[in-house]
Amino acid sequence: MNRQLTNQELAQTFRYIADLLEIKGEVIYKILAYRKAADSLEALSQPASELQRSGKLLEIPGVGKAIAEKMDELLSTGHLEFLEKLETEVPPELVGLLQIPEVGPKKVALFWRQAGVTNLQELEAAARAGKLRGLQGMGEKSEAKVLAGIEALRRRSGRIPLGKAWPFVQGLLADLRQVPGVNAAEMAGSLRRMRSTVGDIDLVAAANDSRVVMEAFTHHPWVRQVVSQGDTKASVEFEHNLRAQLWVHPPERFGTALCYATGSKDHNVRLRELALKQGLSLSDQAFLRPDGSEILCASEQEVYAQLGLPWIPPELREDRGEVQAARSGALPALLDLGDIRAELHSHTTWSDGKASIETMAEAARQRGLKTLVISDHSVGLGVAGGLSVEGLQRQRAEIDAVQQRLGDSILLLQGCEVEIRADGTLDFPDEVLARLDVVTASLHTSLGQPREQITHRLLNAVRNRHVDLIGHPTGRIVGGREGADLDMEAVFAAAQESGVSLEINANPSRLDLDDVHARRALDLGIRLCINTDAHSPQELDLEFFGVATARRAWASAEQVINTWEPERLVSWFAARG
DNA sequence: GCCGTTTTCGGCCCGACTGTTTTCAGTCG
């Protein structure tokens, strides 16, 4: 039998169906239903295949009889007759055209039905030949836009990793806050929700005279092109194909605008539903009473309060149950960066790190950490100058010496990031692992192994009683490579049994586990750790991104072992052997 | 196609911006 489709793959299939139906010209609500089902699948904390076995597919929000049947067929057979038929009606490559900016389903349908276009090459040829300008609703400008859009599509490589967008936006916001009359300027959208990748950058500013802010924004030195500009909203493009849009509202309405622009779309729909039940109307423009008068909210707290809710942290605003939780007073007490007391995964010049043990220890101490685990690579990772057994012994002596010098201001532990070899064995025998204070096992090589093989490999490490942590479990690179094809449910089950802690690697190019996996792990009672994997003192600051990912997974401080004091950590590691 | 402390049928968020269609359709978030 074929392996089970993942939730992600199912979601992709339903989104693809929605796109095809939209080009075909189906009623919009049918299309929205497929997209809603896809959203739910992605937010699901357990595999749909599991729900299928227990006959609970209909319990997925937004999944009714028709979609449940299709899901069932996909999970059971690996294909879907409905989709195969649809693909004979609508040329599948048309879906790719939706990626072109300013080209939506209606335009694609127009190009297809009126100009015979079935793929990107044909569209480009038609545009260059001037064959689009004569179509209904098209002119020369629209035709040029299509060509420019195709070029932009070729340049950009999808969404921007959070780690790139974040520092860029800090600079931009600092400049906007300097503009005379600007009362506040904040990021919004997926960036504020701390998703691992960001589409466009959304910003909201409070000012009484929007024109001054708009001028400053569209003339910012980093701006390469102004895409659109109005009184309340402007959209620009920077170098490297970063796009940003700015909304400007008067200060007394800033909370309403910020809340709306932060989203997510589905979270906003929930809020709107609550507003409607109270006879209120909530939109990006205004929050209105039944008589049409406006409820002005300068802060988000006021928006939520009007709806009878406590303020919901942006990281939770994904319509994954947060509004219901807020209503019943069951919002989690989220982990905060200030709760972090320990860094459990760091590198030094003993392998591929840039700084000495002492420099790293001093940097950790300055950041208020009470425990630092030095976990250089093991010998198997040759490119990183991994340590041999003998090297580990010499390193232990230096760690002890640095500890002497630093006194009890910070506790240094000797760990090791031990290779999980391609055959599933660990780089060191058990008696060597037993001498280490902390053992982190990680996959770095042969990540492309088939599912069964690589899962088995990771399970070997999870079940080794000397292993305390699993580093960046899937090996994914944000905006780069997919994670290994792991059976994550099997990994979670084994972790639950062995008590091993799974890492959220805080480096923004990893963020691995991701938020959905992390939430599933927490639901199963698995303890998480959040580590920077720092190779230099500055990288210790990346913890922030890992904490954000954990917050998106609804993590509390107690569920993350980095919040523990040194004594508790030491006894936990010791008890694990 | 989904859903129900207004409904098992009739809704499903809605406004800004752009280009072209001189009154609106398409896209976007």
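Note that this is a predicted model, so its numbers are computed, not measured. We name chains A, B, ... by the order of the sequence lines, and we start the count at 1 in each one.
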Between [N] and [M], how far apart are the two [atom1] atoms, rounded to whole Å?
N      : M      : atom1 : answer
B/dT22 : B/dG26 : P     : 15 Å
B/dT18 : B/dT23 : C1'   : 15 Å
B/dG11 : B/dT7  : C1'   : 9 Å
B/dA16 : B/dG10 : P     : 31 Å

Closest to side chain of A/Y29, choosing from B/dC12, B/dG29, B/dT18: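 Within the option list, the nearest is B/dC12.
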
Which nucleotide in the set B/dA16, B/dT6, B/dT20 lies at the smallest distance from any side-chain heavy atom of A/K233?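 Selected nucleotide (nearest to the side chain): B/dA16.
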
For atom [atom1] of [X] and atom [atom2] of [N], their distance in whole Å:
X      : N      : atom1 : atom2 : value
A/I31  : B/dT27 : CD1   : P     : 12 Å
A/Q136 : B/dG26 : CD    : P     : 9 Å
A/K106 : B/dC24 : NZ    : P     : 16 Å

Which of parallel (below 30°), tilted (30 to 60°) and perpendicular (above 60°) describes A/F544 and A/W166?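 Rings of A/F544 and A/W166: tilted, as their planes differ by 30° to 60°.
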
A/F82 vs A/Y34 aromatic rings, parallel, tilted or perpendicular, using cut-offs 30° and 60°?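 Rings of A/F82 and A/Y34: parallel, under 30°.
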
Could you check whether [X] gets within reach of a base, just the sugar-phosphate, or nothing at all, counting any heavy atom under 4.0 Å?
X      : value
A/V27  : nothing
A/Q229 : sugar-phosphate
A/N268 : nothing
A/E69  : nothing
A/G137 : base
A/K145 : sugar-phosphate

Side-chain N or O of A/K70 versus OP1/OP2 of B/dG1: is the shortest distance under 4.0 Å?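 Result: yes.
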
Taking only the side-chain nitrogens and oxygens of A/S235, find out if one of them lies under 4.0 Å from OP1 or OP2 of B/dC17.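 Checking B/dC17 against A/S235, no side-chain N or O comes under 4.0 Å of OP1 or OP2.
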
Of A/V146, A/I23, A/L94, which is the lone residue that meets side chain to side chain contact (heavy atoms under 4.5 Å, CB included) with A/F111?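 With A/F111 as partner, A/V146, A/I23, A/L94 yield a single side chain to side chain contact (heavy atoms under 4.5 Å, CB included), made by A/V146.
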
A/L513 pairs by side chain to side chain contact (heavy atoms under 4.5 Å, CB included) with which of A/M488, A/R476, A/R520, A/H472?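 Option passing the side chain to side chain contact (heavy atoms under 4.5 Å, CB included) with A/L513: A/M488.
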
What is the pairing partner of B/dT8, taking Watson-Crick or G-U wobble pairs with both distances under 3.5 Å in any strand?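 When the pairing criteria are applied, nothing turns out to pair with B/dT8, so the answer is none.
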
Pair A/D319 + A/R270, salt bridge at N-O below 4.0 Å: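 Yes, A/D319 and A/R270 are salt-bridged.
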
